[in-house]
Amino acid sequence: MSYSEYSQSYLTIAVLIGAGAGMFGLMLGLARLVRPTRPQLDKYVTYESGSDPIGGWGQANVRYYIYALLFVMFDVEAVFIFPWALRVDSLGVFGLVEVGIFIVILALGLLYAWRKGVLRWV
Amino acid sequence: MTAAASTLALEIPWGVLLGAKVMIILTLLPLTALILGYVFLMKMMAHMQSRLGPMDPGGFHGWFQLIGDGIKFIQKEDVMPADADRRVFALAPMIILISTFVVYAVIPAGPRLVVEDLEVGIFFALAVSSLSVIGVLMAGWASSNKFALLGALRAAGQLIAYELPLVLAVVGVIMQAGTMSLQGIVGAQANGEIFGWGAVGNPFVLTQAVGFVLFLAAAQAELTQTPFDMPVAESELVAGYQVEYTGFRWLFFQMSEYATAFALAGIAATLFLGGWYVPGVEGTAADVLGPLVLFAKIMAISFVIFWVRFTYPRFREDQLQAMAWKYLIPLSLLNILVTGILKVVF
Amino acid sequence: MGPQNVAFGVIAASMVLAAVRVVTTRNVVHAALYLVVVLGGVAGLYVLLAAEFVAWAQVLIYIGAILVLLLFGIMLTRAPLHASSELDNDQRWAAAIVSLGLVGLLVGLLADTFGRQRVRPAQVFGGGELADSIFNDFLVPFEVVSMLLLAALIGAVVLARRDD
Amino acid sequence: MGLVEQGKIPKPLTWLMNYSRKYSLWMYQWGLACCAIEMGAALASPRYDMMRLGVIPFPASPRQADLIVVSGTLTDKMAPALKRLYEQMPDPKYVISMGSCANCGGPYWDSYSVTKGVDQIIPVDVYIPGCPPRPEALLQGVVLLQERIQNEEMGPRWRGEPIIVGQPGAHDHLPETAVAVSSA
Amino acid sequence: MAVTEQQQQAFIGKHLAEAQVAVELQDEDMVLNIGPQHPATHGTLRVVVKLDGERVVAADPVIGYMHRGYEKLTEYRSYPQVTTLINRIDWLSSFANEVPFIHAGEQIMGIEAPPRAVYIRTVLTELSRIATFLLFLGEMGAQVGAITPVFYGFRDREYVLNLIEAATGGRFHPNFNRIGGLKDDVPAGWIAETRRMMDKVFESCDTFENLLEGNEIFLARTKGIGIIPGDVGKGYGVSGSNLRASGVDWDLRRDAPYLAYPEVDFKVWTHPGGDSWSRYWVRLQETREAARIVVDLLDRLPSGPVMAKVPRIIKVPPGESWVRVENPLGEMGYYVVSKGATGPFRVKIRSASFSNVSILPWLLKGVYVPDLITILASLYFILGDIDR
Amino acid sequence: MLLNQYLILAAVLFCIGVYGVLARRHAVLVLMSVELMLNAVNVNLVAFSVHLREISGQVFALFVITVAAAEVGVGLAIVLLIYRNMASPYLDRVDSMKG
């Protein structure tokens, strides 16, 4: 694939992204023409089952952080595995062993997290 | 597409072609959402529950139902909570929509019918669809609503946890096909053979059955469909991160959900079921039949997705995460290693 | 002025604007979202440079993973919905002077060194070429990367775990 | 200001919009008392299956709902919450008052804690008598509401003006008990 | 007893939650209102929960959103009018509600209903039990996220409602009981029809067993969730299936016989688990058992009148009576004081759900939000029965 | 395209990152500024890789991304620890080591 063909296809992608945003804007603009606006006292109150929203708003649980962290690590791993997957044949046994070690080391991390109990809710 | 034009012996200028492509994708997005929503959500669910589903709207079996919903949502007021972060709140659905709809660009529907056959096609699709997490977090945070925040965190936690099996299940296919281009993967399946018997090609569902199951399970979770619908669990979080969204903005969430279902089913069909390929059809005939074949395969896969959705109760958040981390991800890593070993040995 | 240059201009301008907003905005979540723009812009630059695989790796890892991690981090530290004036310390002016000085210095140096050298992407780099390079030339770093990730994982788990 | 309030929507488009509003009544999953069970039967029982009429019981939050069926006794303690939830629904929105309690207090007409009629706090489009009304009655109420939506003027509804029915026109043939005056 | 200590903790936790709201949250907890409008609360219950992430630190049910002032209203109504009203306390099993009040009246007046009336009352009570539990079986699925069971629940419930309607004229609130008997006899062909429908009920119980019991996810969501130990349950006054699911073998139908129950041989189902699953399981078994009781009673339905001799205008002589029965939701009791007028002087209602939800602050401590929903669904309360 | 386009853009990004690191006191914002700097480096690496027709630049960019992932992971864990102990995400509160 030559660079010019390549850039054309990405131009298409870029135009698509633009068109997606355009459609979003267009539809909302259309809706704006038609829809009513009727301010009512409670309409802009945050919904909380019909009660007054009380107290501080929100924080997350540290558990999610650990999941996200595990995800980042394995995502990075996946990105390294992809190129290898393209060249399994030419890299042969050598590549396989390399990637095997790579995967096993990261799997150790998962095992560690598992053993440490961070995959449970407590 | 380019070559489809040349078979018609027409030289279509690139700009016109681009416009046509964009228009096709733009119409496909709501159209697929409508089809999936109507066929599965409205009708199939109703019949599974010994009901009829919408019958009145439009006269014939309620075909107008979802179109009517769309037109109604245009007329709905756009409400933003006073506490909300207005810009972020407004933009979140757009991010989710775009992350879905760019994926359509790389799914081939015939030997020459593809918007852009990127060299890194499947990787591109995975990367772009991972952006929806940002949109979900934006929506949940900007709503200033506790249900929304809890829902967004659950959704994000779930989307990322199941992103991995999704990505890793694809690796096996790439290993077998030796390319990341979706067109190339279809080609590899069309020309492949199993143990010297190549009559139906080599749909990777046969050799990558584990990968296929992993992919479907992960897709189910990515779509936040039951049993993985914790983020938008009605009976708990009301509507999760979408709770404060009204009117058209909310419709965009729904549309993206069904469009994503369609796109993921399309990718699954392409990766594992041979995409547009059907044995015996080649050349221009494949360009005509290809979209229909692909559509049939997509509907078959979507049927499974929605079947599961209407049958199962939902997991609890920790069970859901445990399933991803303790079963799906180790299994997909194992799948990669085994595929690699087999590939290198044979 | 080729189309590539136009694209570059658009991307660069939005990146710089967003980057400035990252370091000046008074809302933490907004900063993270502006960072999305910068990171997306970087991916765009990679695409322009025909580094296709790296571009989408950037999107997958940086935006899809690292930024989500950052957002989780922000929400764990209680992200307020409204602007807060406490995000900056009192060294703003000093910092501005330092970085402006640095910009001047670097730009001067670069202009002097590379002048009008051109960059001509000739070949598109998908993943395959990267694999060849990684598995032939960078084997040790590759394995070290996995050790690094493992170490980071263990470290972070130890740090973030609540012992109750 | 939208086009509807200025009356600039052409007639066929008005018809289409009314038609789609009519068949896309997303109803809020929420019940108050006895009637809620009959409402549930109308929605979830395959025999009645209100979804046939395009009433989708999907949203659990008021933000995506078009229709609220006040099904059951409204108490004075609940009334502010009901009003808030009603107001949190985006316009255009419709209200069906289901059952005697919601209409007028029903058997609790002399109770100290019951609001005698939900129309004291929110405008009602259709009243359904009964204690509780059978699911069929709710279906009939929905059909009446749909008829009203099909024939309504969008402008007044958009502006939130009182909607008077009973003038010569579309609703003459309807029983008086079922369709009454709604005021916003 | 362990209860008081935990009760105290729950109480302190609740007040901490309230104090926290007053002084801007200091730590990582947040206060969330679940209800009065929320799909999980079956109407208008409001549970104020204090959350740490997704864990419930303290939960405080706020009731009264459905309070209609029953006990006051009964003071201004005559006996037949009160029967109309109390139908609507527990609106799912209306017929079962009428029985204890009518019994109380009959006891004070010294009247006994004829045997045929007693039998039909028993049959109708069991039918309303089936109707109630079928809804529960479907609803429980819906609350843990399965969409389909609720439709089956409603579908099969119609069979029973049709029977009740055929016999009493009212699908929902029959108002069929009179002091001294029943308004009417059952219509012709009703008995055969009921037998046929009971077969369908058995079938539908099997369906639910297949749909939910064999489902791994359903098991994972309910097993070990919301465990009520037997003595804690008794301490809080939990009754009915909820208590039997905690292994307490206590059923008023057997232990304090009324209606025709002494003449029926039926099994009181218990389960030692005490968790949401056991509550589900016990109710499923009780649905079957109720259908069996119905079939059994129909076989031996005595003939004769359905109304004893009572004056046209009922005046109950001065006196008082306390009647309690085993309703589908649990123990329902009426304490009726009469001063000789056409209406009662004072009625005190002991409703099952009120006591059942009083265990919530204790039970919800430390569970996760999804489990909270499961627990609320499995306790199975009716708002009217809580608030009256 | 000029090589310097990329290099100068990277330099500007880098300096914005430097400003952020110096001027911000919210720990997460400092981490974000570090990300800016790392990305600037990556742009340089890839630009040179293409300019010199040498793929190792891109491999290094991947490695840098990896390192950034590890850095953010551990960095945020530390921030969380600080937040938990000091109830504040601001770095200048962490001065108990100061004499």
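Residue numbers begin at 1 in each chain, while the letters A, B, ... track the order of the sequences.
- Both the backbone and the side chain of C/A57 come within contact range of chain B, each with at least one heavy atom under 4.5 Å from a heavy atom of that chain.
- For chain C, the nearby parts of B/L137 are the backbone and the side chain; heavy atoms of each come within less than 4.5 Å.
- If you measure heavy-atom distances from B/V120 to chain C, the contacts under 4.5 Å come from both the backbone and the side chain.
- Residue C/I63 touches chain B through both its backbone and its side chain, counting heavy-atom pairs closer than 4.5 Å.
- B/F123 and C/F53 have parallel rings, their planes meeting at less than 30° on a 0 to 90° scale where 60° marks the start of perpendicular.
- Here CD1 of C/I66 is found 9.5 Å from CG of C/L35. Values are rounded to the nearest 0.5 Å.
- To the nearest 0.5 Å, atoms CG (C/L39) and CD (C/Q58) are separated by 5.5 Å.
- Taking the six-membered ring for Trp and the full ring otherwise, B/F252 and B/Y245 have centroids separated by 6.0 Å or more.
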